[in-house]
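Report on the following structure.
Residue numbers count from 1 along this sequence. What's counted below: heavy atoms across the whole structure, side chains too, no hydrogens, waters or symmetry copies.
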Amino acid sequence: MGFAYADPEVLTQQQREAVAEHRRHVQHESRRLSLRALREEAELSQVQVASVMKLSVDRIARMETGDLDRVQLSTLRRYVESLGARLQVKAIRDDSHAELG
């Protein structure tokens with residue numbers, strides 16, 4: 001979108017619509033963060049989260065590196081809530097999806 005910084009008066013109608021659509025998308029789209037990035041954004045260390053959850057730091061580290069196959073949903077929910085966030089689970093099939101829990 002090289003024209004996003006241009007004077008709106010010199011943009012074509014199509015360009016103005018594209019800029020407006022881009023702004024709507026940016027405002028409504030959540031940032032995709034890893035568990036680690038979410039924790040770092042909350043300004044918490046692995047040690048702090050492990051202490052709150054009464055888990056080992058190694059377990060927290062494994063969750064953050066994507067080793068989630070054996071993690072219970074309740075543990076993942078507790079981890080996310082310890083960061084001041086909420087967990088949302090979504091089942092996706094083709095163009096359909098269902099939000100769970």
Side-chain angles (χ1 to χ4, degrees):
M1 290 245 167
F3 54 81
Y5 298 105
D7 180 357
E9 299 301 318
V10 300
L11 299 178
T12 67
Q13 180 62 28
Q14 183 180 10
Q15 289 171 327
R16 282 194 293 277
E17 289 171 5
V19 168
E21 175 59 30
H22 177 71
R23 283 187 181 141
R24 280 191 296 276
H25 176 75
V26 167
Q27 289 172 348
H28 296 289
E29 187 66 29
S30 297
R31 291 183 300 136
R32 293 184 70 110
L33 297 176
S34 66
L35 291 178
R36 177 182 175 180
L38 191 64
R39 175 182 52 75
E40 289 173 346
E41 190 176 81
E43 298 181 355
L44 295 170
S45 69
Q46 287 182 341
V47 172
Q48 290 170 309
V49 174
S51 176
V52 167
M53 293 185 66
K54 297 182 178 25
L55 294 174
S56 70
V57 174
D58 183 59
R59 181 111 182 259
I60 299 300
R62 286 195 319 263
M63 285 176 33
E64 289 184 353
T65 58
D67 185 11
L68 298 174
D69 288 339
R70 293 180 288 159
V71 174
Q72 292 183 2
L73 189 57
S74 60
T75 302
L76 188 56
R77 179 175 281 123
R78 284 180 40 232
Y79 172 90
V80 170
E81 288 174 352
S82 75
L83 305 179
R86 65 182 177 82
L87 182 66
Q88 179 179 354
V89 179
K90 187 183 289 190
I92 302 170
R93 181 173 182 260
D94 299 326
D95 291 335
S96 302
H97 71 274
E99 292 184 15
L100 313 169

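Checked against salt bridge (charged side-chain N to carboxylate O under 4.0 Å, His left out), Arg78 has no partners two or more places apart in sequence or in another chain.
Hydrophobic clustering (side-chain heavy atoms under 4.5 Å, transitive across Ile, Leu, Val, Met, Phe, Trp, Tyr) keeps Val47 apart from Met53. Follow the hydrophobic side-chain contacts under 4.5 Å out from Val52 and you never reach Met63; the two are in separate clusters. Under the 4.5 Å side-chain contact rule for hydrophobic residues, Leu68 and Leu100 share a cluster. Val57 and Val71 end up in different hydrophobic clusters when Ile, Leu, Val, Met, Phe, Trp and Tyr side chains are linked at under 4.5 Å.
Proximity of a side-chain donor or acceptor of Arg62 to a complementary backbone N or O of Asp67 within less than 3.5 Å is not detected.
Residues Ala37 and Ser34 approach most closely at N-OG, 3.0 Å, considering heavy atoms.
A heavy-atom distance below 4.5 Å is found between the side chains of Leu55 and Thr75. Using a 4.5 Å cut-off on side-chain heavy atoms (C-beta onward), Leu35 and Arg39 make no contact.
The CD atom of Gln88 lies 5.0 Å from the CZ atom of Arg86; values are rounded to the nearest 0.5 Å. Rounded to the nearest 0.5 Å, atoms NZ (Lys54) and CZ (Arg59) are 14.5 Å apart. Here CD of Gln48 is found 10.0 Å from CD of Glu43. Values are rounded to the nearest 0.5 Å. Rounded to the nearest 0.5 Å, atoms CZ (Arg36) and CG (Leu38) are 13.0 Å apart.
More than 12 heavy atoms of other residues, nucleotides or ligands lie within 6.0 Å of CD in Gln13, so this atom counts as buried by the packing criterion.
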